[in-house]
Amino acid sequence: MAVLNPNCSFYCSSASIPNNSTLTNHFPCLSLSQSVIGWCSRGISLNSAHSSSRTFAKFDKFQGDDLTQDSLDKDENLSSLQAQEEEQEEEEDDSCLPSDLEGAVRQSGQASALFVSSGGMRAIVELLVPQLQFLDDEGAQAELWDLSKVFLDTLIEGTGCQRVKAIFPDAGASALLKYRWKDASFAFASLSDRKPVQSEDEIVVMVVPDYQMLEYVKRIASELSDDPPRPLLMWNPRLVSEDVGVGINVRNLRRYFLRTFTTVYSMRPLPSGAVFRCYPGLWKVFYDDKARPNRYLLAKELISRPDSEDLEMIFGNVAEEEGQNPSLFNKAAGIFSSLNRFMRAISK
């Protein structure tokens with residue numbers, strides 16, 4: 001298997017995506033404030049056709065570069081200038097951040113491929129952005145599936161494995177996508193299939209597995225642990241639901257099960273920064289560069305996922321160093337605190 005060297009590491013937690021016919025009407029997600037949702041919605045979009053190779057660090061630039069191919073043709077000097085800027089960005093704190101949503105998905109595929117090629121067995125990829133959380137908008141589900149294919153194709157390219165099985169939430173989605181993607185280089189299955197995993201499958205990817213299918217997920221994970229063990233990746237799992245009241249035994253079951261997984265890619269924008277992780281890099285907490293719009297500065301690197309208390313302390317220290325009102329930075333940590341019960345239920 002090929003070994004990749006992806007750029008570094010954003011931050012997400014697991015909410016829940018329903019399966020089957022409820023996918024459109026019921027899509028539990030983390031309760032962010034309206035300001036955060038609006039900020040994220042403006043910041044990230046799937047627009048690969050118009051984004052350039054230049055890396056923009058902040059999510060407001062996920063629309064891509066303003067330079068068009070025509071303008072580059074008119075002024076060839078821009079090419080050399082862009083190359084110089086890219087070289088400078090390689091040394092910046094935020095140069096590891098992707099330039100758009102599709103770039104983030106590809107980066108997560110590269111990180112997953114590296115993890116698997118290094119002998120890793122269980123991995124989670126989390127991208128908590130509006131396009132992948134709120135599916136009421138027209139075309140949102142189609143975008144979700146298209147991005148999952150980008151991830152799968154990148155994983156196959158990175159590992160060189162031709163026996164990858166993609167398991168979708170329900171049989172309807174699996175059949176539809178198999179019909180649409182006739183040239184797919186991976187096999188299809190659903191969590192509701194009688195036997196979704198076959199002996200010839202070498203890598204299994206669960207696409208947005210839902211909390212309602214937790215027992216099926218556990219069963220597949222156990223099967224893949226048998227001799228010979230095979231890697232299991234969960235792309236945007238939604239195994240913890242804020243809307244569903246469950247007993248402590250079920251909560252513990254989820255917690256201990258998910259802790260057997262390594263979060264190889266995690267992305268989450270915040271009002272005043274971002275939390276980001278990409279295997280094999282550390283967790284990174286970024287804050288806005290006030291002197292340069294649309295750029296980030298690195299506040300701190302951590303070995304494990306930062307919780308709300310960590311973020312409050314990090315943003316507070318940044319505010320003190322810059323002589324600013326700590327509340328401007330703690331706003332992000334405050335929103336994060338409201339999600340603390342989720343973070344306690346996810347593996348660190």
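Below, all heavy atoms of this structure are taken into account, side chains as well, without hydrogens, waters or symmetry copies.
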Test log, rule side chain to side chain contact (heavy atoms under 4.5 Å, CB included), inputs V207 and N236: CA-CA 7 Å; V207 180; N236 269 11; over 6 Å; no
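- Note that the OG1 atom of T159 and the CD atom of Q162 stand 8.0 Å from one another [nearest 0.5 Å].
- Residues V125 and S112 have side chains in contact (heavy-atom distance under 4.5 Å, counting atoms from C-beta outward).
- For the salt bridge (charged side-chain N to carboxylate O under 4.0 Å, His left out) criterion with D94, the lone passing option out of K284, R292, R295 is R295.
- In this structure, the side chain of R106 does not engage the main chain of Q110 through any donor-acceptor pair within 3.5 Å.
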Side chain to side chain contact (heavy atoms under 4.5 Å, CB included) between I220 and L191: does it pass, once the steps are laid out? CA-CA 9 Å; I220 293 172; L191 284 175; 3.8 Å; yes
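- Two residues are said to be in side-chain contact when any heavy atoms from C-beta on lie closer than 4.5 Å; S148 and W235 meet this criterion.
- The shortest side-chain heavy-atom distance between Y211 and M213 does not fall under the 4.5 Å cut-off.
- Counting heavy atoms of neighbouring residues, nucleotides and ligands inside a 6.0 Å radius, atom CZ of R163 does not exceed 12 of them.
- In this structure, K149 does not pair ionically with D146, as no charged nitrogen and carboxylate oxygen lie closer than 4.0 Å.
- Closest non-hydrogen pair, D201 versus P196, comes out as OD2-O, 4.1 Å.
- To the nearest 0.5 Å, atoms CD1 (I303) and CG (L282) are separated by 7.0 Å.
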Show your working on side chain to side chain contact (heavy atoms under 4.5 Å, CB included) between F186 and I156 and close with a plain yes or no. CA-CA 8 Å; F186 51 86; I156 293 171; 3.9 Å; yes
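- Taken from OG in S199 to CZ in R230, the straight-line distance is 7.0 Å, to the nearest 0.5 Å.
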Given Y287 and F315, is the side chain to side chain contact (heavy atoms under 4.5 Å, CB included) satisfied, shown in steps? CA-CA 8 Å; Y287 65 97; F315 285 124; 4.0 Å; yes
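- In this structure N317 satisfies the side chain to side chain donor-acceptor pair (under 3.5 Å) test with no other residue, sequence neighbours excluded.
- With respect to the salt-bridge test (charged N to carboxylate O, under 4.0 angstrom), the residues R219 and E215 do not qualify.
- Of all heavy-atom pairs spanning F115 and M121, the tightest one is CE2-N, 3.6 Å.
- A donor-acceptor pair under 3.5 Å is formed between the side chain of D170 and the backbone N or O of G172.
- Distance alone, capped at 3.5 Å, places no donor-acceptor pair between the S174 side chain and the A171 backbone.
- Taken from CG in L233 to OG1 in T262, the straight-line distance is 10.0 Å, to the nearest 0.5 Å.
- D153 places no side-chain N or O within 3.5 Å of a backbone atom of V150 that could act as its donor or acceptor partner.
- Of the possible donor and acceptor atoms, none in the side chain of D193 sits under 3.5 Å from a partner among the backbone N and O of K195.
- With sequence neighbours left out, the side chain to side chain donor-acceptor pair (under 3.5 Å) criterion links S225 to R122.
- Relative orientation of the F188 and W181 rings is tilted, given thresholds of 30° and 60° on the angle between their planes.
- Residues L311 and V285 form a side-chain contact, since some pair of their non-hydrogen atoms from C-beta on lies under 4.5 Å apart.
- Taken to the nearest 0.5 Å, the OG atom of S190 stands 11.5 Å off from the CE atom of M206.
- When side chains are defined from C-beta on, L270 does not count as touching F286, because their heavy atoms never get closer than 4.5 Å.
- The pair R305-E126 meets the salt-bridge criterion, since a charged nitrogen lies less than 4.0 angstrom from a carboxylate oxygen.
- The backbone N or O of K218 sits nowhere less than 3.5 Å from a side-chain atom of S222 that would complete a donor-acceptor pair.
- Residue-environment remark: OH (Y216) stays at or below the threshold of 12 foreign heavy atoms within 6.0 Å.
- Minimum heavy-atom separation, A189 to K165: CB-CD, 3.7 Å.
- Atom OG1 in T263 sits 5.0 Å away from atom CD1 in I124 (nearest 0.5 Å).
- In this structure a side-chain-to-backbone donor-acceptor pair under 3.5 Å is present from D307 to E309.
- Residues V164 and V205 form a side-chain contact, since some pair of their non-hydrogen atoms from C-beta on lies under 4.5 Å apart.
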